[in-house]
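See structure below.
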Protein chains: 2
Amino acid sequence: MLSDVMEDYLKAIYILQERDGPPVATSEIAAYLDVTPPTVTSMVEKLDDRGLVEREKYKGVELTDEGVTVALEVLRHHRLLEAYLTEHLDYDWSEVHEEADVLEHHISEEFERRVAEALDDPTVDPHGDPIPNADLSPPEDAEHTPLSEHESGTTVEISRVSDREEEELRYLKDANITPGTVVRIVDVAPFGMVTVAVSDGGRQSLPEEIADSIRVKRVETDAVSAEEVPEA
Amino acid sequence: MLSDVMEDYLKAIYILQERDGPPVATSEIAAYLDVTPPTVTSMVEKLDDRGLVEREKYKGVELTDEGVTVALEVLRHHRLLEAYLTEHLDYDWSEVHEEADVLEHHISEEFERRVAEALDDPTVDPHGDPIPNADLSPPEDAEHTPLSEHESGTTVEISRVSDREEEELRYLKDANITPGTVVRIVDVAPFGMVTVAVSDGGRQSLPEEIADSIRVKRVETDAVSAEEVPEA
DNA sequence: CTTTTACTTTAGAGCCATCTAATCCTGCAC
DNA sequence: GTGCAGGATTAGATGGCTCTAAAGTAAAAG
């Protein structure tokens, strides 16, 4: 009943409203989906008519419960696919996003079920993003905070790395910045750039936009991590 | 570049032209794809403009080499998917068609490659249909002839069972009429209905349309098959 | 050879998602 | 409180795929 495109809008609005809170502005959606603002206006009108978003003219939109449900369904498809491609078809972490972005709209419920079964009902995808469960109740995001919000000297474990740009992901993977890795924040520059020391001794500087999209969990500094993450 | 819909037309034309030979009539395509004839006319005009079919007004169309290549690509996707779903995701023979019909348009070349690898480059799908190989050279169809063209008394092995209707396939599967099964033709009615005896002793009557879509290979009648396929 | 019938095509319209250009809010700066 | 800049919306057009209704063609039947 809903077109692929509508599903894309709902997913985008969900992600944006999770990141910055509602209401989500027309221009934000336009930038995220790479379309022009008038296109977004006419689309959100339609979504409003269908009861999937609550729209206030000139202000922005917010998903209704029904809209959230659709977004979570799409997100579940997306993240299950990413996990499946990685685990069973030998895809790399950094390659799965585009494939999943297309397929998420075209798999049946049956397919979803069987993929989830083959993976033994996973709870996170390869980027560390939580997979909504089958009943589509909103997942809570635990204590994962953006890397950019932490101070110099803190030791953190990477929990999620946003999955939008294949190039970026490949770079991060080479730098060993992947979910599960423990890093120490060496420096936070005035313009937001974060420099971290990885356990293999390497250092990486990440511009603010990237550091913003990496979510981490603070780690108690103890002997082990102190050894794993040397000062130099 | 080509839309899903165009791919569907090319696939349909390929299948129809393989079955009945070119040229393929507007109305045949319309029936196969369940659209109206005027829709087909405007679509084949477009395909002609793009050099994918050769069209003669009021006569019908025939695929160009380029059109054949596209059709084979889609068919390869379709049949690889059917095989993969059956082998790795525990789908049943009769369920895979619809899923593959959608996904065939949305998988990347990378995905195709990895699926083929996971299956160890199969040559036939679960219905017995040949899978075009990666270089998209036209597959030759061997000596498989429609069940409906054989005479009463002949013993044949089922090689291909067309995969269009899930209902029908489930029925045939229950009757044990699947690729690889050996059956004896007991009777051919004047209106084309074929009755066969299956190795488990059961009999099945199949209307002409169905018998037409089942391809078989003649089997030399020897002691073993005579025992497997009793007269009664 | 003409008529009829079956099929094909043309004509015209609608819906979807998108665009550009033009107009219209809203809220901050003064 | 007024003006202005940035952002949002309206207006109008396009290309893709589909439909119904009407007109045209070809080939079989007489």
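A, B, ... follow the sequence lines: proteins, then strands. Residue 1 opens every chain.
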Measure the distance from [atom1] on [X] to [atom2] on [N] and round it to the nearest whole Å.
X	N	atom1	atom2	value
B:M43	D:dG16	CE	C1'	9 Å
B:R55	C:dC7	CZ	C1'	13 Å
A:R50	C:dC15	CZ	P	13 Å
B:L33	D:dC19	CG	P	10 Å
B:L10	D:dC17	CG	P	11 Å
B:L2	D:dC17	CG	C1'	15 Å
B:I29	D:dC17	CD1	P	15 Å
A:E56	D:dG7	CD	P	19 Å

Quick check for you: among [options], whose closest atom lies nearest to any side-chain atom of [X]?
X	options	answer
B:Y58	D:dT9, D:dA8, C:dT9	C:dT9
B:V35	D:dC19, C:dC19, D:dC17	D:dC19
A:P38	D:dA21, D:dC17, C:dC19	C:dC19

NA contact type, [X], heavy-atom cut-off 4.0 Å: base, sugar-phosphate, or nothing?
X	answer
B:T26	sugar-phosphate
B:E45	sugar-phosphate
A:V40	nothing
B:S27	sugar-phosphate
B:S3	sugar-phosphate

- Task: Assign the ring pair B:W93 / B:H127 to parallel, tilted or perpendicular, where the plane angle (0 to 90°) is split at 30° and 60°.
- Result: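 Tilted.
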
- Using the closest heavy atom to pick a nucleotide of DNA chain C for each, name whichever of A:K57 or A:S42 lands nearer the 5' end.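 Its nearest nucleotide being more 5', the pick is A:S42.
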
- Heavy atoms only: give me the nearest B:H88-B:L119 pair and the separation to one decimal. CD2-CD2, 3.8 Å

- Between B:P122 and B:A116, which heavy-atom pair has the shortest distance, and what is it?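 Result for this residue pair: CD-O, 4.1 Å.
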
Does [X] have a side-chain nitrogen or oxygen under 4.0 Å from the phosphate oxygens OP1 or OP2 of [N]?
X	N	result
A:T39	C:dT18	no
B:K59	D:dT25	no
A:Y9	C:dT18	yes

- Query: Rounded to the nearest 0.5 Å, how far does CG of A:D8 lie from CG of A:L33?
  - Reply: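 If we round to the nearest 0.5 Å, A:L33:CG and A:D8:CG are 6.5 Å apart.
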
- Between B:R114 and B:E110, does a salt bridge (charged side-chain N to carboxylate O under 4.0 Å, His left out) hold up when you go through it step by step? CA-CA 6 Å; B:R114 288 179 193 257; B:E110 183 65 19; 2.7 Å; yes

